[in-house]
Amino acid sequence: MRKFIAIFLTIFLVFPLLLSAQAAVSVTSWALDRQFYIDALDQPQVYATFTSGPMIDKLLHEQLGLPPEADTSELESVLKGILTPDTMRDQVSELINSLFDYLQGKTDTFAPTLDAVPLKTALEGSQQDAFLNALVAALPPCAPGQTPGFGGEGQLPCKPTGIPDDLLVEQVLKPALPTILSAVPDEIPLEGEFQNWQEDARWRTFLPGIAIPASIILGLLVLVFIAACMWYMAALISDHSWHVRLGWLGWTLLVPAALIFLLGFAAQSGMPAYWTSFGLEHTNLSDTPFGPELNETLRVIFMSALPRVARAFLTVGGISGALSIALIFWGIATPRRRRKELE
């Protein structure tokens with residue numbers, strides 16, 4: 001009867017709990033690590049997408065109010081030269097650190113900012129002429145009755161007709177550029193883009209007074225404790241001798257450990273890469289601000305993150321498997337005593 005009860009508990013409680021606990025430990029080891037996301041995004045393809053033509057073109061038309069037919073190719077080239085991979089890497093790292101500080105309760109609000117100092121420095125120095133010449137080339141000539149300038153309410157930006165572009169740069173834009181740049185803050189807040197997300201973030205107080213990462217770790221510890229208790233209790237019920245109990249502990253741990261290890265092994269194989277490429281090939285992301293290059297960027301991010309994910313499953317599965325094998329051999333080495341000897 002006790003064997004039946006032990007088998008029932010093992011199938012319907014111990015196996016699911018041990019498998020869930022090991023999977024949760026594997027996922028938590030990288031999901032709550034900010035460096036994991038920084039390393040995953042630290043790819044040349046990612047920075048190239050952030051400074052892609054559609055993204056910069058969208059920003060130029062929104063910020064400068066340029067008409068859709070304006071040729072901004074020269075402006076895009078200048079800005080790509082300013083927004084180097086090192087600059088973008090610092091921006092991405094700062095954004096991720098700000099997000100994790102918010103999630104961990106170190107800050108009360110998530111207020112990401114865009115560091116405008118490198119851009120302002122470049123425009124005041126080596127890239128000034130190239131930027132101003134490209135800007136003037138992109139401005140359309142003013143229509144009759146239209147006031148030259150960078151636009152305003154109900155008016156598009158334009159340049160005066162009959163004045164050469166180089167003269168407009170030297171006599172108008174260059175003297176006015178320091179004043180314009182001084183009005184631009186060194187840090188441009190981006191929190192407006194995330195305001196709705198923060199207002200709806202009730203999940204951030206998963207447990208009162210505890211930040212969400214700490215709440216997840218606490219929940220994980222509770223899960224591991226319950227799984228260990230049920231695992232140990234099923235072994236005690238299985239038999240009266242420790243020869244059988246140790247073997248029971250080992251075999252019931254070996255099965256979920258092997259599944260977790262195989263999951264990590266599968267993550268290192270070509271299957272995830274194939275299905276990721278297959279899914280992205282059939283997904284149209286060309287309407288996003290990042291353009292069609294976003295498909296390849298997502299694939300690169302996924303592939304760069306996959307080895308860390310695979311290592312986590314392999315490590316947890318390997319450690320659990322080694323422990324299970326040790327318990328099995330310990331049980332084999334333990335002599336089986338008779339019931340009368342135990343009594």
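Below, each value reflects all heavy atoms present in this structure, side chains not excepted, and no hydrogens, waters or symmetry copies.
When atom types are taken as modelled, the side chain of Q146 and the backbone of A143 share a donor-acceptor pair closer than 3.5 angstrom. One N or O on the side chain of N295 and one on the backbone of T283 form a donor-acceptor pair closer than 3.5 Å. In this structure a side-chain-to-backbone donor-acceptor pair under 3.5 Å is present from S182 to T179. Distance alone, capped at 3.5 Å, places no donor-acceptor pair between the S238 side chain and the A6 backbone. Side chain of K159 to backbone of P141: no donor-acceptor contact under 3.5 angstrom is found. No donor-acceptor distance shorter than 3.5 angstrom exists from the side chain of Y37 to the backbone of N97, with no hydrogens or angles considered. Looking only at distances, a side-chain donor or acceptor of S269 sits under 3.5 Å from a matching main-chain atom of A266. The backbone N or O of I237 sits nowhere less than 3.5 Å from a side-chain atom of R245 that would complete a donor-acceptor pair.
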Is there a side-chain contact (heavy atoms from CB on, under 4.5 Å) between V92 and I38? Walk through the geometry before answering.
CA-CA 7 Å; V92 171; I38 293 175; 5.9 Å; no
Should E124 and L177 be marked as a side-chain contact (heavy atoms from CB on, under 4.5 Å) after you check the CA-CA gap, both sets of side-chain angles, and the distance that decides it?
CA-CA 8 Å; E124 290 176 341; L177 185 62; 5.7 Å; no
As a quick check of understanding, evaluate side-chain contact (heavy atoms from CB on, under 4.5 Å) for T147 and C142, giving each step before the final call.
CA-CA 7 Å; T147 304; C142 291; over 6 Å; no
Walk me through whether I96 and Q35 qualify under side-chain contact (heavy atoms from CB on, under 4.5 Å).
CA-CA 9 Å; I96 294 175; Q35 191 61 42; over 6 Å; no
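For the atom pair E296 CD and I301 CD1, the distance stands at 10.5 Å (nearest 0.5 Å). Remark: Q171 CD to D166 CG distance equals 9.5 Å, nearest 0.5 Å. For the atom pair L173 CG and N133 CG, the distance stands at 9.0 Å (nearest 0.5 Å). The line from OG1 of T107 to CZ of F100 is 12.5 Å long, rounded to the nearest 0.5 Å. With rounding to the nearest 0.5 Å, the separation of CG in D186 from CG in L119 is 11.5 Å. Between atom CD1 of residue I212 and atom CG of residue L103 there is a gap of 8.0 Å, rounded to the nearest 0.5 Å.
Residues V172 and I163 fall within the same hydrophobic cluster, defined by Ile, Leu, Val, Met, Phe, Trp and Tyr side chains chained together at heavy-atom separations under 4.5 Å. Hydrophobic cluster membership is shared by L168 and F131, with clusters built from Ile, Leu, Val, Met, Phe, Trp and Tyr side chains linked at under 4.5 angstrom. With hydrophobic clusters built from ILVMFWY side chains whose heavy atoms lie under 4.5 angstrom apart, L323 shares a cluster with M233. Under the 4.5 Å side-chain heavy-atom criterion for grouping Ile, Leu, Val, Met, Phe, Trp and Tyr, V222 is connected to L18 within one hydrophobic cluster. Cluster annotation: V309 and L259 are assigned to the same hydrophobic cluster (Ile/Leu/Val/Met/Phe/Trp/Tyr, side-chain heavy-atom contacts under 4.5 Å, transitive).
Scored by the side chain to side chain donor-acceptor pair (under 3.5 Å) test, K174 finds D129, E170 as partners (sequence neighbours excluded). For Y47, the side chain to side chain donor-acceptor pair (under 3.5 Å) partners at least two apart in sequence or on another chain are D42.
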Check residues 326-334 and write down every donor-acceptor pair under 3.5 Å in which the side-chain atom is one partner and the other belongs to a residue at least two apart or another chain.
from : atom 1 : to   : atom 2 : distance (Å)
T334 : OG1    : W330 : O      : 2.7

Side-chain donor-acceptor pairs of residues 271-281 under 3.5 Å, sequence neighbours excluded:
from : atom 1 : to   : atom 2 : distance (Å)
T276 : OG1    : P272 : O      : 2.6
S277 : OG     : A273 : O      : 2.9

Only pairs under 3.5 Å count here: list side-chain donor-acceptor contacts from residues 246-254, not counting sequence neighbours, and write none if there are none.
from : atom 1 : to   : atom 2 : distance (Å)
W248 : NE1    : T10  : OG1    : 3.3
T252 : OG1    : W231 : NE1    : 2.9
T252 : OG1    : W248 : O      : 2.6
T252 : OG1    : L249 : O      : 3.2

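Pairs engaging residues 308-325 under the side chain to side chain donor-acceptor pair (under 3.5 Å) rule: Q22-S320, D33-R308 [sequence neighbours left out].
Between D165 and A137, the shortest heavy-atom contact is OD2-CA, 4.4 Å. Minimum interatomic distance between L236 and R2 (heavy atoms only, all atoms of both residues): O-NH2, 3.0 Å. The shortest heavy-atom contact between L220 and A24 is CD1-CB, 3.4 Å. Shortest non-hydrogen contact noted between A21 and V224 is CB-CG2, 4.2 Å.
Side-chain atoms of T87 and T84 include a donor-acceptor pair closer than 3.5 Å.
When ring centroids are compared, F261 and F265 stay outside the 6.0 Å threshold.
Side-chain contact between D115 and D90: absent, with no pair of heavy atoms (C-beta onward) separated by less than 4.5 Å.
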